[in-house]
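Inspection log for the structure reproduced underneath, given as structure tokens.
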Number of protein chains: 2
Amino acid sequence: MENNTPVTLKFLAEKLKMSVSTVSKALNDYPTINSYTRQRVKEMAQKWHFTPNKSALNLKEKKSHIIGVILPNLLDHFFTKSIYGIEQYAMQKGYNVIISQSYDELQKEILLANMLLRSRVDGLIIAISKQTKDFNHLDQFEKLGVPVVYYTRNPSFNLNCHKVLGNTFQGSYEATRFLISRGHKRIAYLGGPKMTNFTHDRFNGYINALKDGGISFDAELVAYTDFDKENTINAIQKLFMTESPQPTALVAFKEVIIFDAIKYLKSIKHPNFEEIECIGFGNTPFIHYLDHPPLASIEENPQSVGKNAIELLLKLINKDIGIGDYQKVMVDCKLVLH
Amino acid sequence: MENNTPVTLKFLAEKLKMSVSTVSKALNDYPTINSYTRQRVKEMAQKWHFTPNKSALNLKEKKSHIIGVILPNLLDHFFTKSIYGIEQYAMQKGYNVIISQSYDELQKEILLANMLLRSRVDGLIIAISKQTKDFNHLDQFEKLGVPVVYYTRNPSFNLNCHKVLGNTFQGSYEATRFLISRGHKRIAYLGGPKMTNFTHDRFNGYINALKDGGISFDAELVAYTDFDKENTINAIQKLFMTESPQPTALVAFKEVIIFDAIKYLKSIKHPNFEEIECIGFGNTPFIHYLDHPPLASIEENPQSVGKNAIELLLKLINKDIGIGDYQKVMVDCKLVLH
DNA sequence: TTGTAAGCGTTATCAC
DNA sequence: GTGATAACGCTTACAA
């Protein structure tokens, strides 16, 4: 039973003394095929572990069955988890996934986009870099009929596109309301890269929660960081090194910023760093090892975001949804107490 | 310049009023082609952004240009980083990578292996699950001429195979020697899953360092965990809840075990948990947020391990190395002080 | 120096 | 019900 001739339709046809096309039809349950013939063919196929050659199918169907994914960084738990959702669903539907990292750099993103376009991916899922403000390198996909789904990071400057986003407005709204309900009056907001297009919703959630909670907004309680350590520390200094009444709570764009904040406040022996209550987007498993863990986390359900993205993309690929019929899917966040 | 006919050789040939084969040869720098012709062809190809259809090439070459990777879990930083090395190098050489997770379960691993075999991957890179003791599902690849490279986790029961391993012996040897040099006499060893085949080297490194450092081995100072929280706590209890003189230092299979250990000892208010000096395999960036970080980390250079694995695999695929000429590559570890 | 034709493994269209 | 044939896009003897 060991042999080195590849098991192809031709091979089976010879064994069965039939034509290749009959074998093909039998395996694909064509109604015109005699049921006994079909059975014989299927048995033989089973016996030899026949699997159709994907390259041949791809060539015929003019599809690569490859989905490209571009994301900033796999070291961020959010993205690692999101590709679970993507990969599982894709595999199940017969697609392979190529993952590539932009490291949050536009130049790299452009390079990767061109590479993926040239390797003829059937679709693209992308979380844009923090530098991406122009979308030529991504728009070219749709021009060639290759659908693109933006996920997680909202390219708000790009109006005509498909998006799957976490409901970060709701996330930071709930977090802020929760802090208010615990009696906080001075709640700081530490945002992500300033002036990028995927950060507004969180800020708006914070603002709206303040308003609905009857707390007036104070610009002194808002700072931004681009995730760079130094930058983060500057932001924290802005928030906590002032003369005015200090914040007693903090809502942060990403959990990791909170870790940096707490570490810094501790290092400078800030008098009441132990009392400051923090909530950030993330929910890293690591949290449980910290001496001063955040009060709660805004769980973004990355896996679900990923799954929604690939689901939408496959619908676009299969033309169940028109490529110009732009969709927007929101995935709710959940406040998790620690 | 916009058009929906795919840019193929045929398309270019028609534009140039040449035959398809001439175009193909020109693009592939056949010496028999007139240099002026070649130039014209290349210009036209450039103009139309011609890229050869990979499915067609794959079909012709009888290759899929896909590498399968099976690993236990992407949430482990080691594996996430290792696929950097794999993916980068593979992409550069024109291969795609399918990553799949066994969640350290043999059943899942078998399933994935069969799936990958059926999707005709050109090669397999695998970090076996902690349950894998039988290798039928992996041996079948080589029987069909598909090379397999085992990485990180040593399948020592499987003698005839290609491996790329971290030099964990050296890693734990150096860690232990370092602890001895700091005056420790009672150094505990907290190992990974007992009786699995990829854990011996670390233990041997520990043992040998003790011997070379003139410290006698004490079985009471050794415990094992399968990474399960409860299991880890049992192991820690075994080490620290005894009547005999307690360990003052700890070498651990994985950094995360140390985090669990410290957390537990702190929770039970162990009298001198602050003095215990720990070193584990890993070097998680997260470490810097801990109040009681390990003394040092054994950096396993995951990226380099991944790169070596894919390099070896591609050599096997290209038959630069015979599939039966079994290779073993070791990647050194490095002690990183915190 | 260029062109013709076969073949990689499938499926779809026809003819028988 | 079944079988021949063309086509998908590319490479490569071989012929011209």
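Chain A is the first sequence line, chain B the second, and so forth, proteins listed ahead of strands; every chain is numbered from 1.
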- Query: When the ring planes of A:H65 and A:Y95 are compared, do they come out parallel, tilted or perpendicular, using 30° and 60° as the limits?
  - Reply: tilted

- Are the charged groups of A:D122 and A:K62 less than 4.0 angstrom apart, N to O? no

- Could you state the CG-P distance from A:L27 to D:dT2, rounded to the nearest angstrom? 13 Å

- Message: Is there a salt bridge (Lys or Arg N to Asp or Glu O under 4.0 Å) between A:K319 and A:D325? Walk through the geometry before answering.
- Response: CA-CA 10 Å; A:K319 315 222 190 262; A:D325 176 15; over 6 Å; no

- Separation of atom CG in B:L9 from atom P in C:dG3, rounded to whole Å: 13 Å

- DNA chain D: 5'-proximal contact among A:K60 and B:L57 (nearest heavy atom): A:K60

- Message: What I want to check is whether the side chains of A:Y84 and B:Q101 have a donor and an acceptor closer together than 3.5 Å.
- Response: yes

- Query: Do A:S24 and A:S21 get their side chains close enough for a donor-acceptor pair, meaning under 3.5 Å?
  - Reply: no

- Message: Could you tell me how far apart A:N28 (CG) and D:dG3 (C1') are, to the nearest whole angstrom?
- Response: 16 Å

- Message: What is the distance, to the nearest angstrom, from the NZ atom on A:K62 to the C1' atom on D:dG9?
- Response: 9 Å

- Tell me: NZ of A:K63 to P of C:dT11, nearest whole Å? 14 Å

- Message: Is the phosphate of C:dT11 approached by A:S24 (side-chain N or O, under 4.0 Å from OP1 or OP2)?
- Response: yes

- Mind calculating the distance between CD (A:E61) and P (C:dT11) to the nearest angstrom? 8 Å

- Listed in order of residue number, which residues of residues 90-98 of chain A have a non-hydrogen atom at under 4.0 Å from DNA chain C? none

Pairs under 3.5 Å (N/O, protein and nucleotides 13-16 of chain C):
unit_1, atom_1, unit_2, atom_2, d
C:dT13, O4, A:K25, NZ, 3.3

- Item | Integer-rounded Å distance: D:dC10 P and B:H65 NE2 | 14 Å

- Task: Report yes or no: do A:Q303 and A:S82 form a side-chain donor-acceptor pair below 3.5 Å?
- Result: no

- Will you find, in the side chains of B:Q92 and B:Q88, an N or O donor that is under 3.5 Å from an N or O acceptor? no

- Mind calculating the distance between CG (B:D29) and P (D:dT12) to the nearest angstrom? 13 Å

